[in-house]
Protein chains: 2
Amino acid sequence: MAQDRRSGCPINLTLEQLGDRWSLIVIRDVMFGNRRSYGELLSGNEEGIASNILADRLKRLVATGLMTRSPDPSHRQKGIYSLTEAGIQIVPLLAQMCAWGLDHTDPSPLLSVRAKLLVAGGPEMWDALMQELRHLHLGAPEPERSVFKEVRAAYEAAKAP
Amino acid sequence: MAQDRRSGCPINLTLEQLGDRWSLIVIRDVMFGNRRSYGELLSGNEEGIASNILADRLKRLVATGLMTRSPDPSHRQKGIYSLTEAGIQIVPLLAQMCAWGLDHTDPSPLLSVRAKLLVAGGPEMWDALMQELRHLHLGAPEPERSVFKEVRAAYEAAKAP
DNA sequence: ATTGACCGCTTGCGAAATGCAAGTGGCATC
DNA sequence: GATGCCACTTGCATTTCGCAAGCGGTCAAT
């Protein structure tokens, strides 16, 4: 019963966990938007995710070990969602999706700014981002380089030139 | 009407094209298994894709420019599916999915052999594979290095030691 | 020309996922 | 203790998925 899967191929198994139209969107928002609660994720989402879908995906991501949910001390009802190490290691995957999307879809110029930077930065930048995420989500020491700051600066510069 | 999309984010746009449980499976089989016709894809598929889903995905992949369909001279009814350049550039994405799947799912040892090799080979190997795919699918000159051969050799060695 | 096997793809239909809108109930604040 | 907020559910219509069966064109043998 533990093995209810279509095949043991790693590509397939990844697809079984993340192969839908919303899971990676939620991870993207947690990761790059640093949205950590249900409300932030719901109201801030660019694509207009429905509330039940969001609730379902959060539950699933926690169940499959990509995120954890910890209680928010200021609001007992609220939870703070954090990426696990497995979740953080999705960075290169999202980066490749950025790369492909930039080249082969027709993304909006503004939303492409950050993606371009991330793609141009390459694996070094992705590693730095992952370090930073370990700091934000797992309590690791704060790294010197802040990819967030770099990306945000580029975005703001593009938005209001 | 041309723009019927949830957002202009490149990650989202990639997800809108490939974010389901079968599209990338089909691409994987065409790419790594060199299965080029409907029948080969249907009968050879590890995960047991349904015939209507396969037909639908092939249609969609052709429509969105990831593959082309050309007539098979030996069987008038048959088509030969080829990757386009956009399709070939999914290699790094699949490679990252391999990497993540190897680390964070529980893939079968045999099916992991090729994935491990591809991940260990890194971007150079992916580039070589892409060159080879351009030869097989787009008629580019045959490259010296054959990643297919390397991968097949590793697989056979693992299968029957 | 006819038959029969094969093969690419479609159809029908039940089951599941998706998406929208409204609702519920715990929680903090006043 | 009334009010407003917020995390999450529920109901229901629509779409997608998935299985099994079927259909029609093509080829090879006779």
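Numbers restart at 1 for each chain; the letters A, B, ... are given by sequence-line order, proteins then strands.
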- Full working for side-chain contact (heavy atoms from CB on, under 4.5 Å) between Lys159(A) and Tyr155(A): CA-CA 6 Å; Lys159(A) 200 163 66 175; Tyr155(A) 181 69; 4.0 Å; yes

- Task: Begin with the C-alpha distance, continue with both residues' side-chain angles, and end with the deciding distance and a verdict on side-chain contact (heavy atoms from CB on, under 4.5 Å) for Ile80(B) and Arg69(B).
- Result: CA-CA 6 Å; Ile80(B) 298 178; Arg69(B) 190 205 133 114; over 6 Å; no

- Task: Before giving the answer on side chain to side chain donor-acceptor pair (under 3.5 Å), spell out for Ser23(A) and Gln17(A) the whole-Å C-alpha distance, their side-chain angles and the decisive distance to 0.1 Å.
- Result: CA-CA 8 Å; Ser23(A) 296; Gln17(A) 271 197 47; over 6 Å; no

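In this structure, Ile25(A) and Arg21(A) approach most closely via the heavy-atom pair CG1-O, 3.7 Å.
Residue-level contact check: Arg57(A) touches the backbone only, with heavy atoms under 4.0 Å from sugar-phosphate atoms and none from bases.
Heavy-atom distances under 4.0 Å link DNA chain D to Gln77(A), Lys78(A), Tyr81(A) of residues 70-83 of chain A, given in residue order. Across residues 14-27 of chain A, not one residue has a non-hydrogen atom less than 4.0 Å from an atom of DNA chain D. Non-hydrogen atoms lying under 4.0 Å from DNA chain D are contributed by Ser51(A), Asn52(A), all within residues 43-54 of chain A.
Remark: P of dA22(C) and CG of Leu42(A) are 15 Å apart, rounded to the nearest angstrom. Rounded to an integer number of Å, the gap from CZ of Arg36(A) to P of dA7(D) is 15 Å. Asp56(A) places its CG atom 9 Å from the P atom of dT9(D), with the value rounded to the nearest Å. When rounded to the nearest whole Å, the span between CG of Asp4(A) and P of dG18(D) equals 13 Å. What separates CG of Leu58(B) from C1' of dG8(C) is a distance of 10 Å, to the nearest Å.
A cation-pi arrangement, defined by a distance under 6.0 Å to the six-membered ring centre and an angle within 45 degrees of its axis, is absent between Arg36(B) and Tyr81(B). The cationic atom of Arg145(A) (NZ for Lys, CZ for Arg) does not lie both less than 6.0 Å from the six-membered ring centre of Trp126(A) and within 45° of the ring axis. Cation-pi contact between Arg6(B) and Trp22(A): present, with separation from the ring centre below 6.0 Å and deviation from the ring axis of at most 45°.
Of the possible polar contacts, none joining the His137(B) side chain to the Ser82(B) backbone as a donor-acceptor pair under 3.5 Å is found. Between the side chain of Asp29(A) and the backbone N or O of Gly33(A) there is no donor-acceptor pair closer than 3.5 Å.
With salt bridges taken as basic N to acidic carboxylate O contacts below 4.0 Å, one links Arg28(A) and Glu47(A).
Summary of the strand contacts: Arg60(A) and Glu40(B) both lie near DNA chain C, and taking for each the nucleotide with the nearest heavy atom, the more 5' one is attributed to Glu40(B).
For dT9(D), the OP1/OP2 oxygens have a side-chain nitrogen or oxygen of Lys59(A) closer than 4.0 Å.
Side chains of Asp127(A) and Gln131(A): no donor on one and acceptor on the other come within 3.5 Å.
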